[in-house]
Amino acid sequence: MRYFVLLLALSLPNAAPAQSPSPETPSVYAAGARADRIVLTPGDDPARSMSVAFRTGEGQTTAQAEISAALDGPGLERTARLVQGASTPIETQNGGALYHQVRFIDLEPTTTYAYRVKGEAGWSEWLQFRTAADDDRPFQFIYLGDTQNDILANGARTIRQAQRAAPDAALMIHAGDLVAQGRTGNHDDEWGQWTRAGGHGFAMTPQLPVAGNHEYVAKVDADGGRHDILGPHWPLQFALPGGGAPGLEATTYVLDHQGVRFIALDGTAALADSDLLDRQTVWLEHALTDTAARWKIVMVHQPLFTCARPQNTPRLETAWRPVLEAGGADLVLQGHDHCYSRISSPDRLRNDAATPDADVGPVYVVSVAGPKMYQLNDRAAAQSDRVAEDTQLYQVLTASPERLAYRAYTVAGRLYDAFDIEVDGGAKRIVPVRLDRAEERVCVGDLGPDGLPCSGRDLSRLLE
């Protein structure tokens, strides 16, 4: 994977206060003799390939994994085969380390496999995953907005609650800003917190991350100029599927999984560089139209229609909204705004008694998993079907040939939003789910929905 350089674009979240130093010492996150930070990602064909990235100390100089079809007994060492991969060194404030990536190929569909990875002190525990089917059978997946701040102390709660709510989820989507990584340093401890937050779940459920602005860092040139580059951890921590936009292969990709096409965009690159915006626009059009998938889901960090910022994102809306609508995108899953918003039709005002909408395309969602919050802007209530502030959420979606079911839950496990997109005679329509739901969680003055001070008030002043 390649690095690429972007013109510096000082986006709003980077003006927010930096994450407080971890109460743990940096040495807690130093690489050791055993493998850690094990993260599973899908291969280009998730029915027949899977990839894993992991970290070791500098003593383990080769990337090694063993894999076997899962057994009902304890004899995996006898049936496993050795797979070699690629290794890349990294130097951080926590010392030197090596990241390794191994790709498992020639797998069988709908099969459970066990694998383990090698560190200097020996093998990791056996971990299991299941390959996708090569047909359109139903499956569940999880979608999370920004984790970003206080990852282990607070954001981990959302990740783990989502894993409990959907233990058989086939995929987990992260809509960018996985960490609070600033423009200086490499923030290795934050990446350590993020992988600890997901634990074995990240090593057993394939992850689909989207790069946010906090996945970028600033590079200062010899002449004093500043440029944005992708942070060093991203291309090492994730062995992502291929097929990305030209020049953005490290952050954009396409994945087809059991009748659903997932498309990952890089909004940070698009906002910083017109050429990279144009490349992604052409690529997005092709990715949406060159597929027989029943459902098309686009993932991007920066929302086209914001729920916190004073303005929407006209650069992305102008370039991508016509392509999304013409290409039949069903959902656009976003982060960045640290609030919740679902917009079924950007051109109509809010209508709580809305009947099923015959012309679906697409539904725009913004969500937040971590504790950092922004205040809703003055447009959110009018343009959205459902909003929330001061609320950590996770989403569980179920895809089947007839229906794409969306459920949003608060971190405490309460159903907060729900709708289905159904296929009706070839057309798609949104069907509101009439379930008992909590009242909308919004701040009233300086009082938040939990009866505590509204935490987004002070931070939102930075967005003005």
Side-chain angles (χ1 to χ4, degrees), residues 13 140-149 151 154-163 165-166 169 171-178 194 197-198 207-214 262 264-265 267 297-309 312-313 330-344 346 362-377 380-381 383-398 404-419 421 433 437-438 440-442 449 455-456 459:
Q140 280 191 328
F141 61 97
I142 294 167
Y143 149 54
L144 298 170
D146 303 26
T147 311
Q148 189 174 342
N149 294 81
I151 301 164
N154 211 323
R157 185 167 69 112
T158 313
I159 294 171
R160 294 169 184 173
Q161 181 63 27
Q163 291 169 336
L171 300 164
M172 180 178 281
I173 294 169
H174 303 267
D177 283 4
L178 286 60
W194 186 80
Q207 306 294 302
L208 291 181
V210 176
N213 50 288
H214 282 275
F262 295 93
L265 293 165
I297 297 175
V298 176
M299 309 170 298
V300 63
H301 179 60
Q302 289 85 352
L304 277 65
F305 305 97
T306 66
C307 53
R309 289 156 213 281
N312 287 325
T313 315
D330 298 292
L331 287 176
V332 181
L333 304 180
Q334 307 153 114
H336 194 53
D337 260 18
H338 299 263
C339 50
Y340 181 80
S341 169
R342 170 172 61 91
I343 301 176
S344 300
V363 178
Y364 297 88
V365 181
V366 177
S367 190
V368 56
K372 179 182 177 184
M373 299 293 166
Y374 290 151
Q375 178 182 357
L376 291 170
N377 62 31
Q383 71 180 4
S384 304
D385 298 283
R386 187 76 164 155
V387 295
E389 55 189 334
D390 258 33
T391 305
Q392 293 173 255
L393 300 113
Y394 62 90
Q395 289 69 222
V396 178
L397 294 89
T398 304
L404 185 60
Y406 172 100
R407 304 292 183 268
Y409 299 88
T410 70
V411 68
R414 297 183 179 91
L415 180 64
Y416 189 76
D417 194 16
F419 67 92
I421 303 177
V433 175
R437 299 182 297 178
E440 282 194 322
R441 289 177 51 84
V442 296
S455 63
L459 288 176

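Residue numbers start at 1 and run along the sequence shown. Just so it is clear, the values below take in all heavy atoms, side chains as well, and ignore hydrogens, waters and symmetry mates.
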Donor on one side chain, acceptor on other, Q302 and T313, under 3.5 Å: no

Atom pair CD/CD of Q392 and Q161 - distance to nearest 0.5 Å: 11.5 Å

V365 to Y406 - nearest heavy-atom pair and separation: CG1-OH, 3.2 Å

Inter-residue atom distance L393.CG - S367.OG, 0.5 Å rounding: 4.5 Å

Candidates R386, R407, R342, Q395 - the one meeting side chain to side chain donor-acceptor pair (under 3.5 Å) with D417: R342

Main-chain N/O of H336 paired with D146 side-chain donor or acceptor, under 3.5 Å: yes

Least distance between heavy atoms, I421 atom then L331 atom: CD1-CD2, 4.3 Å

Over all atoms of both residues, closest heavy-atom pair of Q334 and P303: OE1-CA, 3.0 Å

Test item: L208 and F262 side chains (from C-beta on) under 4.5 Å apart, heavy atoms: yes

Check ion pair D390-R441 (N to O, under 4.0 angstrom): no

Donor-acceptor contact present, side-chain T306 to main-chain R309, <3.5 Å: yes

Student check: side-chain heavy atoms of T158 and T147 closer than 4.5 Å: no

Y416 side-chain N/O to V387 backbone N/O, donor-acceptor pair under 3.5 Å: yes

Side-chain heavy atoms of D177 within contact of N213, under 4.5 Å: yes

Beyond-backbone contact of V368 with D337, side-chain heavy atoms, under 4.5 angstrom: no

Side chains of H301 and H214 in contact at under 4.5 Å (non-hydrogen atoms): no

N/O donor-acceptor pair under 3.5 Å between D385 side chain and S344 backbone: yes

Nearest heavy-atom neighbours spanning A162 and L144: CB-CD2, 4.3 Å

A175 to G145 - nearest heavy-atom pair and separation: CB-CA, 4.3 Å

Gap between atom CG of L171 and atom CG of L397 - 0.5 Å precision: 11.0 Å

Distance in Å, N149 CG paired with H338 NE2, rounded so as to fall on 0.5 Å steps: 7.0 Å

Note, D330 side chain near P362 side chain (heavy atom, < 4.5 Å): no

Separation of M299 CE from Y143 OH (nearest 0.5 Å): 11.0 Å

Side-chain donor or acceptor of Q207 paired with backbone N/O of H174 under 3.5 Å: no

Nearest-0.5 Å distance, CD1 of residue I159 to CD1 of residue I142: 10.0 Å

Where V210 and A264 come nearest, the two heavy atoms and their spacing: CG2-CB, 4.5 Å

Any donor-acceptor N/O pair, E389 side chain to C339 backbone, under 3.5 Å: no

Side chain to side chain, L304 and Y364, heavy atoms closer than 4.5 Å: yes

